[in-house]
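Okay, so here's the structure we're looking at.
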Amino acid sequence: MSQSYNRGLIEDFGRWREFSAGMWAWVFHKFTGWVLVGYLFTHIAVLSTALAGEAAYTGTIQTLEGLLVVRILEVGLLAVAVFHILNGLRLLMVDLGIGLESQDKSFYASLILTGAITVASVPTFLAGAF
Amino acid sequence: MYEHDVIVVGAGGAGLRAAIAAKNEGADVAIVSKLHPVRSHTGAAEGGINAALREGDSWEDHAYDTMKGSDYLGDAPAIEALCKNSPNEVIQLEHWGMAFSREEDGRVSQRPFGGLSFPRTTYAGAETGHQLLHTMYEQLVKSGVQVYDEWHVLNLAVTDEERPEDRTCHGVVAYDVQTGEVSGFRARNGVILATGGPGQAFDHTTNAVSCTGDGQAMAYRAGVPLEDMEFIQFHPTSLPSTGVLISEGVRGEGGILYNAEGERFMFERGYANNDGELASRDVVSRAELTEVNEGRGIDDEYVHLDMRHLGEERILDRLENILHLAEDFEGVDGLEEPMPVKPGQHYAMGGIETNENGETCVNGLYAAGECACASVHGANRLGGNALPELIVFGKRAGKHAAGAEMEPAKIETGQRGEYETAEIDSPVTLGEPGSFGDADAVADGGTVAEGGSVDETSIVERAVEAERKKVDELLSSDGIHHSEVRSDLQTTMTRHVNVFREEEGLKQALRDIREARDRYEDVAVSDPSRTFNTDLLQTIETRNLLDLAEAITIGALAREEFRGAHWRAEAPERKDDEWLKHTMLSWNDGTPELWYRPVILEGEDKTYEPKTRSY
Amino acid sequence: MAERYSSFQPGGRRWLWQRITAAFLVVVLAFHFFLLHFVYHADEVTFALSSARMESWTYYSLMILFLITATFHGVNGVYNALINQGLTGTKQTVVKWTLVVASAILIVQGVRTANAWAGISIL
Amino acid sequence: MSTQVPKGEEVESTTDEAASSPGKQRRDTAKADRAGQQEKQREAEERAKANEDTVQIKVFRYDPEVEAKQEPRFDEFHVPFEKGMTVLDSLMYARDHYDPSLTFRHSCRQAICGSDAFFINGSQRLGCKTQLSDLDEPVRIEPLPHQDVVKDLVVDMDHFYEQMHAVEPYFDPDELPDGELEEQRQSRANREKIKMSTRCIWCGACMSSCNIAAGDNQYLGPAAINKAYRFAMDEREGEARKQERLEIIEQEHGVWRCQTQFSCTEVCPKDIPLTEHIQELKREAVKSNLKFW
Ligand SMILES: Cc1cc2nc3c(=O)[nH]c(=O)nc-3n(C[C@H](O)[C@H](O)[C@H](O)COP(=O)(O)OP(=O)(O)OC[C@H]3O[C@@H](n4cnc5c(N)ncnc54)[C@H](O)[C@@H]3O)c2cc1C
Ligand code: HEM
Ligand code: SF4
Ligand code: F3S
Ligand code: FES
């Protein structure tokens, strides 16, 4: 009813700031989902260097893994994946009709857990990068 | 111009039922309503629908209770029609899927209600009206009746023969709220008014902002008599700031009323030594107002209804809804503080005079629901008797208008048969003596054409022209805002034509109404827009309220007795010798004319003997 | 107004599969991450190591299944998101087939890589 | 879908035809009037400074037909505050005392007619059910997002009604009892199950809060799905009808579009667990589909 319709002030004014937990969960899940598909495609692209032979593959991977940016991006990927998994589990529960009243709490829980897991895994991810 | 067999004005319980019934008879039906159907005020009803459904109960008992409740001012044929048909109609609602509360065995639940000798009130939680309205709207969608929603009906297209009884209604004129277009709706068979009550004549009411009695005012000005207008029910427990109803259930469960001095005044001041808070609505309302008038009200306005002593558990279990209402509409936590309450206008027993088939004295014009008065409620309506009235008389009017074969009515309408005329003892000139717009009855919204000399379509067209002119005039003139007039009117009505009525006050009210009418001459609409101009529509509604407020006051002034909801300081007792008659008011070229018609107490096979009304 | 009475219910089936694949992915993705970042470390990855794992038939089939479910899940998710934004008509059909083709390429490429490691030379 | 601009033009043409001569005069009057209103407003503002007991509201204004209002804007009003005052009360006060052209739908004042859902301080709420004392000042009142604005706070509800009607929202049992006076039996448990779903007042708040409904015009939306739930779960209707109902809600733009944002559930003034109902219908639909596998 509104996609072609611009109400200026109204449509964008104060909307996102007032988003509730469920809306944020949706936004984040969407975002992480898209990042993950994006990654899936790149991931396969990178891996398929293996088709060009052993050396090409090992070379590419080791160069990439040697870059600090890539390592940091990998931490980001982990965060994204963990959130998507945890919130995905939350959504699966919602689909089964379990715990709908505490959907906001479970969203906050996934956020916190995601943070914790990500931080805890930083050392492992960055190991050998310096 | 739109054209249908039957045009139903209003889409509350009565209008919807009428439309469905007419459709079932095969007529081409349309509903014209200023609100979308589900916004109608029927949705606000809480308590329930009376119907004699079970063994041990009978329609005769229901009729007896209703007659007694009416303080013997109801007409027996109408009451009997109501009570006989109500069970079928309620079961019809059930068959349409209405979500009634249920017994263990899966049958529809019934509960006891004030003034009933049997627990015969069927209900759906505390939201009976909402369920009823939506169930019927759903069936309307199913039946495919055409709905013109947000079309505000401005007037009726009625011929202008000398006597109202010779006139015919050929349609209505309506204003499309979204676009500002004024159009005619021609009705081949009949127009059914189902526009609800005139609660907005008072400043404190449980009724919606849209309850401005438009249908009553239109019918009145077209020559149809208004009947028993002085009988207005005031509910003792409504919230002071909004008028939202706090159900009688609170007192039923043991809630207590206190004045500013902390006295339980119902007992301590001797208003009802036996029943206390549970005395009937009018008694409690009068008691509350006496307290306030004598300086023992809180903030000089209201009293306290306290339910804290019932305990949180019981309150949450049975009165949860009340907690929400007090919280949402008054900002009061009923578990922590007493709730402020005061009497509020609640229901109009009187209205457009009809017979038990919904016909008015004007051919082709019908009325049903709160706007009508077939006279089932007489001087006082029993709780749970309005909703059955909607469905029973809505259906009858719909069927009749669609041309179904029906038993001829026993009640007479208009100035026919037995009646007596009377003088109005008014301190001021009443009515609209040739003042609004042009001096003739046409612009005044009365009738439009020489009888029979023009065809039906042009009668509607002329009415449309007249309304267009009126709208343009309102939009283009300069003047005061209607809300000033309306609020003065409401204030005087609540002050003088409230639960307490005395001659001087009523006369003062008539003076104030006269003044309000004179000021209304100068109203103008300042919003120039044709799009959703609520300013314009409310200005028009205010005019209707003026006519109705005046009618209510005239009736109250004329009736020098205490009957049902009507109480007079000069004569605080019922006078059956003199007053077993309906107050009738006709708009005679802009001047109200008072007359009376005897009450019909002869039922089908028995006559109801007036007894003292005590419970 | 939404169309009515379609006897074809793709929405329902895809919805269900999105859940089923999700449930499957929780396990496999966690395993995948764990194996490749915690058991083996990122800076140690070589062709030989990957090859060694792929030569196990169970691992090979798990990874193929992983690839297929992830692709379905991801691409179907994207498609849904676009419909939710009001994608309809021809555009919808175009997007649908683009996504199908992309998925096919992805899967084919993924399988070929796995085969390279596993030493299978069909593709 | 629709935009307001062509609609505005349509209206303009009727006006010109119907009231061309008084038109100018009218506008002039309106101007004079506006000056008067500004006067009143200024007084109120002064009062506001002197006296704590006023509330400042900022109201969205737009009228395609009135020149000064064609460009959407916010107007500020200072309204004297009383205990228990709701947002609707403040709007009515502003209309009756400062600006009669302030337009909004309202009727019952008791949260049952569903006319006055607005976007108040960033959330969909009923004006009559929202206490001013619960809100931060200034209170910002806008029409419902994602719906075309007709004028000021009035939005076009037609699309909402269409979606409601699309789910065949009427009771339609497979069979009825023979006796005219015999009711269908319904267990208390079953009535309890559908009870919340029957409370919908068609206010449109849920639909307006849902991002999916905003993006996908064909999406039935939470209120309509809830309506379908109300009948699909009513044991009085029978299995055959239930199957038909499931077919309606499981089309492409039916229940599957719901992404469990929960905002509908959060804004519903009648506390209907909308998301829960939608999810339950998804499972019902899957179950009934599995039968044919
Ligand atoms: C708070 C409350 C609780 C109640 N509880 C009960 C109860 O428990 N039991 C009981 O039996 N009764 C109860 N009543 C009384 C009963 O609900 C009403 O009398 C009844 O609903 C009136 O229905 P109606 O169809 O006549 O009018 P309404 O429902 O008021 O409908 C009027 C219709 O007319 C339309 N309309 C009005 N003017 C125009 C116009 N100019 N042009 C076009 N359309 C117009 C409106 O849009 C609306 O659709 C209660 C009333 C209130 C206020
Ligand atoms: C590991 C476990 C995973 C779980 C539990 C999971 C769960 C889910 C669920 C339940 C949805 C549906 C949301 C909805 O329709 O309301 C979803 C959407 C999605 N998932 Fe996953 N997922 C997982 C892994 C992945 C992976 C590996 C990818 C990438 C390939 C991915 C990409 C997506 C995308 C793109 C969406 C659509 C997001 C959107 O709405 O825009 N997911 N996921
Ligand atoms: S479901 Fe709730 S929010 Fe939606 S229309 Fe109904 S009452 Fe309003
Ligand atoms: S907000 Fe929309 S996405 Fe679903 S849970 Fe409610 S319908
Ligand atoms: S005015 Fe009726 S819901 Fe608010």
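Remember, it's a predicted structure, so these values are computed and weren't measured experimentally. Order of the sequence lines sets the chain letters (A, B, ...), proteins ahead of strands, with each chain counted from 1.
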Under-4.0 Å salt bridge between [X] and [Y]:
X      : Y      : answer
B:E330 : D:K83  : no
D:E168 : B:K142 : no
D:R191 : B:E104 : no
D:R188 : B:D105 : no
B:R530 : D:E65  : no

Is it the backbone or the side chain of [X] that comes under 4.5 Å from a heavy atom of chain B, or both, or neither?
X      : result
D:A189 : neither
D:M85  : neither
D:D89  : side chain
D:R199 : both
D:L181 : both
D:T86  : side chain
D:K151 : side chain

In terms of heavy-atom pairs under 4.5 Å, which option from [options] contacts chain B the most?
options                        : result
D:I201, D:D234, D:L126         : D:I201
D:C108, D:C203, D:P177, D:C113 : D:C113
D:D172, D:D152, D:N190         : D:D172
D:E237, D:R236, D:R95          : D:R236

> Quick one: are B:D527 and D:P100 in side-chain contact, heavy atoms under 4.5 Å?
Replying inline: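 B:D527 vs D:P100: side chains apart.
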
> Would D:M92 and B:V209 satisfy side-chain contact (heavy atoms from CB on, under 4.5 Å), going step by step from the backbone distance to the final call?
Replying inline: CA-CA 11 Å; D:M92 286 164 73; B:V209 177; 4.2 Å; yes

Looking only at non-hydrogen atoms, find the nearest pair between [X] and [Y] and report the distance.
X      : Y      : value
B:F329 : D:C128 : CE2-O, 2.9 Å
B:S529 : D:D63  : OG-OD2, 2.8 Å
B:R107 : D:E183 : CB-OE2, 3.2 Å
D:Y170 : B:V141 : CD2-CG1, 4.3 Å
B:T531 : D:P64  : OG1-CG, 4.4 Å

Nearest 0.5 Å, what's the [atom1]-[atom2] distance between [X] and [Y]?
X      : Y      : atom1 : atom2 : answer
D:T130 : B:D328 : OG1   : CG    : 8.0 Å
D:S107 : B:H41  : OG    : NE2   : 7.0 Å
B:F532 : D:D156 : CZ    : CG    : 10.0 Å
B:E327 : D:D134 : CD    : CG    : 7.0 Å
B:L93  : D:F171 : CG    : CZ    : 12.0 Å
D:L88  : B:T242 : CG    : OG1   : 10.0 Å

Taking side chain as everything from C-beta outward and backbone as N, CA, C, O, which of these in [X] sits under 4.5 Å from a heavy atom of chain D? Side chain, backbone, both or neither.
X      : answer
B:S487 : neither
B:E103 : both
B:L35  : side chain

Does [Y] offer a backbone N or O that forms a donor-acceptor pair with the side chain of [X] under 3.5 Å?
X      : Y      : answer
B:R39  : D:R105 : no
B:H130 : D:T198 : yes
B:E94  : D:Q184 : yes

Looking only at the side chains, is there a donor atom on one of [X] and [Y] sitting less than 3.5 Å from an acceptor on the other?
X      : Y      : answer
B:S241 : D:E82  : no
B:N88  : D:E180 : yes
B:D535 : D:S101 : no

Looking only at heavy atoms and a cut-off of under 4.5 Å, which of [options] has the most pairs with chain D?
options                        : value
B:S101, B:P240, B:G129, B:S40  : B:S101
B:S210, B:G180, B:G243, B:P340 : B:S210
B:N533, B:V90, B:N207, B:V332  : B:N207
B:E127, B:H481, B:H95          : B:H95

> Can B:F100 and D:Q186 be said to form a side-chain contact (heavy atoms from CB on, under 4.5 Å), step by step?
Replying inline: CA-CA 9 Å; B:F100 283 103; D:Q186 182 184 28; over 6 Å; no

> Would D:D158 and B:Q178 count as a side-chain contact (heavy atoms from CB on, under 4.5 Å) if you check the C-alpha gap in whole Å, the side-chain angles of each, and the deciding distance to 0.1 Å?
Replying inline: CA-CA 12 Å; D:D158 284 351; B:Q178 291 238 2; 5.6 Å; no

> Can D:K227 and B:E138 be said to form a side-chain contact (heavy atoms from CB on, under 4.5 Å), step by step?
Replying inline: CA-CA 10 Å; D:K227 196 81 182 163; B:E138 287 155 12; 2.8 Å; yes

>> Please verify the inter-ring angle class for B:H36 with D:Y161; under 30° counts as parallel, over 60° as perpendicular, anything in between as tilted.
In response: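 Parallel: the ring planes of B:H36 and D:Y161 meet at under 30°.
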
